[in-house]
Amino acid sequence: MSPQKTKSLEFEFSYDVPKGKTVNVAIPLLLPLSGLPTDHAEVHIRESRIPCFAEDNFRADFLRFVAEEEDKMRQEEGDVSLENLEMELRDLAEVWEDENRVATPVSTHSIKQEEEFGQICHKLYHSPVLHAMRAEENRAAHELRGLVKKRNEEIKKIQDHHIMAMEGYVNNGGHVDTTAVNDLAASQIEQRQDCEVKWASEISHLMEKQRKEFYSWVLQTFDESLGGKDYTSTIPNTDSYSPEPQSYPKMEESFSICIGSQLKITHSIRLFVDNVWNLCAGHPRAPERLQTALSLYTNSLSGLILLVDNRLNLYSGNTHKLSKICEVFPEFHFNPFDQQLNTIRQKLLNPDVVKRRTPTNYLIDDTIPDSVVKEDDSSGDLILPTGTCYLTRHSNLKQVHCVIHLASTVHEVQGEVSSRDPLLIGLKSALKLASENNMDNLIIPLFLTSNLEPNMDHAWCMKRCEVVFKCVKGFMIEVGSTGVTTSKTFHFILPKNTTQKTFQAISSMLPSIFRVPCPMVLDQGSRKKTLTVQELTKLNLLPDSS
């Protein structure tokens, strides 16, 4: 407790005596007084020999003077204490922000500033500053991956310790107390949750800090580049990069197809076997990331249709896997993945937004009544109907700018589907959403699943891919009839455990569904002439149907 401050003052009092004289009295005081002011007044009256006719005035002036001066002292002390408290709170807030605060991502600039920032980034990506920008992104990625690695190591240590403690408690050779085991399990869960919350706070804070630093760096670099500063630095080799070996046989084939009756549009189809997560995750210095960055602010984006659980959360299924990929590479251009999902949740809970379907809405299947979007009372998760689509945008994935999440259940994915199945209707909605958002390169899981289960035999695979092929073809015909002439590339991805027999059968089926342009040989007596697609079109030898 700080000592009480004192103040030395003089109390001046004057009174008139007969013969027109005035007597002045000056009494030194040390405020605040140690006793009652009235007692001090009586003491000073005797010591200063104040006459009886002036005693009342002396008492009134003395008490008023003491009260006013002590009130001023208290006011000054209060102001000083308030300033000190404000400084302490400010220092505490800074420490809390740096160490313990869970950073809530908040947009620090307006929509207009975001658009200007996107234009600046696009110019820098297509300028000599590209390598310096990539170096800045890789530096942040290296720092973030180091922190995530520390978190994973600590969580693994806690898990191993918990397993050993539980095994030692259960396998002690005596009677097992169920209540004690439950208490131990509860305490272990609580300990792990505390650890995860702590690390989530640190990772979130680092992401927000890096985001602000990158935003300032881009604006400063753009101003310096306009001033003629030369940027010739290359990406530092903070981490060596080498492509990961593929553990399954590489199978891939490409086709060119024509869609349309009179005005024919040529599209590309790529059929390949791969793990869908290889298209999202990857080393920060992977060359695919460079192409993704160059096309980030263009009208030719790359999209991925991802089959997810019908529960809107970050903790299960493919959504959880995607969130783990997103957290190891900083997101500088869009909102973090978890914040985007929270925005989608709010939109889905708002019937007015759901019904007013525009290209910027997340829920695009407006044939589904609002009442079927339910909220789980126990977990708080939203339970979405099969076929519901929502879109998230990313700049930190290897080959993907946008992810279209298609809600479904395991039973519906593995079962039989028809053209009117909710899953196929959702696929059409996802294709429409991709077209509305300028995704000229779209990755589609051909079997609508990322893994082949034992019950998915060759016949199941052929029937499923035929349904998906026809669904995509129908959508392309529908889009072509509206006058859209943009050429698109569809990447049909197959699970990595697809057999070569199935792949070859699908490759042979594709030309029978889509019209693949090929030369035609006309027999003109002894001469044979090969006609190109353009010549066949002029001669009206190509069928009108698509």
Side-chain angles (χ1 to χ4, degrees), residues 103-127 129-145 203-223 225 235 279-304 306 322-323 325-344 359-360 362 390-405 433-434 437-441:
T104 303
V106 178
S107 177
T108 56
H109 36 277
S110 64
I111 296 177
K112 183 178 179 181
Q113 289 176 319
E114 290 179 355
E115 293 176 352
E116 293 175 352
F117 178 72
Q119 295 173 0
I120 291 174
C121 285
H122 182 69
K123 291 178 181 178
L124 294 181
Y125 276 133
H126 293 79
S127 72
V129 188
L130 169 64
H131 293 304
M133 264 186 104
R134 296 292 296 152
E136 188 70 15
E137 292 173 350
N138 291 338
R139 179 198 61 78
H142 180 73
E143 182 181 9
L144 182 60
R145 287 191 299 126
I203 292 174
S204 180
H205 172 64
L206 178 60
M207 285 181 174
E208 186 66 14
K209 176 186 173 186
Q210 290 178 340
R211 185 183 178 92
K212 293 179 180 178
E213 291 176 350
F214 182 78
Y215 183 82
S216 301
W217 183 90
V218 167
L219 298 182
Q220 179 183 353
T221 303
F222 180 70
D223 293 338
S225 65
I235 299 177
L279 308 176
C280 301
H283 197 278
R285 297 184 64 242
E288 294 86 353
R289 289 190 180 272
L290 179 61
Q291 180 59 39
T292 303
L294 291 174
S295 58
L296 180 61
Y297 289 100
T298 66
N299 290 328
S300 181
L301 302 177
S302 297
L304 166 67
L306 183 67
L322 182 61
S323 67
I325 294 174
C326 291
E327 73 176 3
V328 297
F329 199 91
E331 176 59 77
F332 291 141
H333 303 271
F334 305 106
N335 289 332
F337 182 50
D338 57 345
Q339 186 177 350
Q340 291 190 54
L341 285 188
N342 186 55
T343 303
I344 293 168
T360 58
Y362 294 92
Y390 50 93
L391 171 69
T392 57
R393 303 180 185 275
H394 308 268
S395 66
N396 55 357
L397 302 182
K398 188 168 73 171
Q399 299 184 52
V400 176
H401 299 112
C402 305
V403 178
I404 302 175
H405 305 251
L433 183 60
N437 287 273
N438 301 317
M439 299 182 208
D440 291 343
N441 292 278

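Just so you know, these numbers come straight off a predicted model, no measurement behind them. Worth knowing before you read on, the calculation uses all heavy atoms, side chains too, and leaves out hydrogens, waters and symmetry mates.
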Self-check item: Flag side-chain contact, heavy atom, 4.5 Å: M133 against V218
Solution: yes
Quiz item: If only atom types and distance count, is the side chain of Q340 paired as donor or acceptor with the main-chain N or O of N335 below 3.5 Å?
Solution: yes
Quiz item: Less than 4.5 Å apart, any side-chain heavy atom of S302 and any of T292?
Solution: no
Practice problem: Measure the CE-CD distance between M207 and E327 for me, rounded to the nearest 0.5 Å. | Solution: 6.0 Å
Practice problem: Specify whether H333 and Y125 have parallel, tilted or perpendicular ring planes, treating 30° as the upper limit for parallel and 60° as the lower limit for perpendicular. | Solution: tilted
Self-check item: Closest non-hydrogen atom pair, A141 against P330
Solution: CA-CD, 3.6 Å
Quiz item: Does the side chain of I325 come within less than 4.5 Å of F337's, by heavy atoms?
Solution: no
Self-check item: Note, T221 side chain near E136 side chain (heavy atom, < 4.5 Å)
Solution: no
Self-check item: Partners meeting salt bridge (charged side-chain N to carboxylate O under 4.0 Å, His left out) with E137 (sequence neighbours left out)
Solution: R134
Quiz item: Is there a donor-acceptor pair closer than 3.5 Å between any side-chain N or O of N438 and the backbone N or O of L301?
Solution: no
Exercise. Please round to the nearest 0.5 Å and tell me the distance separating atom OH of Y297 and atom NE2 of H126.
Key: 12.5 Å
Self-check item: Value rounded to 0.5 Å, distance of CD in E116 from SG in C121
Solution: 12.0 Å
Exercise. Taking E331 for its side chain and S395 for its backbone only, find out whether a donor-acceptor pair lies under 3.5 Å.
Key: yes
Self-check item: Check against side chain to side chain contact (heavy atoms under 4.5 Å, CB included), H394 and V400
Solution: CA-CA 7 Å; H394 308 268; V400 176; 5.7 Å; no
Quiz prompt | Closest approach of C326 to N396 (non-hydrogen atoms, all atoms of both residues) | solution = O-ND2, 3.2 Å
Self-check item: Interatomic spacing from OG in S300 to CG in N441 - rounded to 0.5 Å
Solution: 5.5 Å
Exercise. Could you tell me which residues satisfy side chain to side chain donor-acceptor pair (under 3.5 Å) with S295, sequence neighbours excluded, listed by chain and number?
Key: H401
Self-check item: Sub-4.5 Å side-chain heavy-atom contact between S323 and D338
Solution: no
Quiz item: Just how far is it from atom NE2 of H131 to atom CG of L290, taken to the nearest 0.5 Å?
Solution: 7.5 Å
Quiz item: Do M439 and I404 have side-chain heavy atoms sitting under 4.5 Å apart?
Solution: yes
Practice problem: State, to 0.1 Å, how close C402 and R393 come at their nearest heavy-atom pair, and which atoms those are. | Solution: SG-NH1, 3.8 Å
Exercise. Would you check if L144 and I203 make a side-chain contact, meaning some heavy-atom pair closer than 4.5 Å?
Key: yes
Practice problem: List the steps, then state whether side chain to side chain contact (heavy atoms under 4.5 Å, CB included) holds for Y390 with L341. | Solution: CA-CA 9 Å; Y390 50 93; L341 285 188; 3.8 Å; yes
Practice problem: Quick one: pull up SG in C280 and CG in L306 and give me the separation to the nearest 0.5 Å. | Solution: 7.0 Å
Quiz item: Parallel, tilted or perpendicular for F117 and F214, by the 30°/60° rule?
Solution: perpendicular
Quiz item: Hey, is the main chain of L294 close enough, under 3.5 Å, to the side chain of T298 for a donor-acceptor pair?
Solution: no
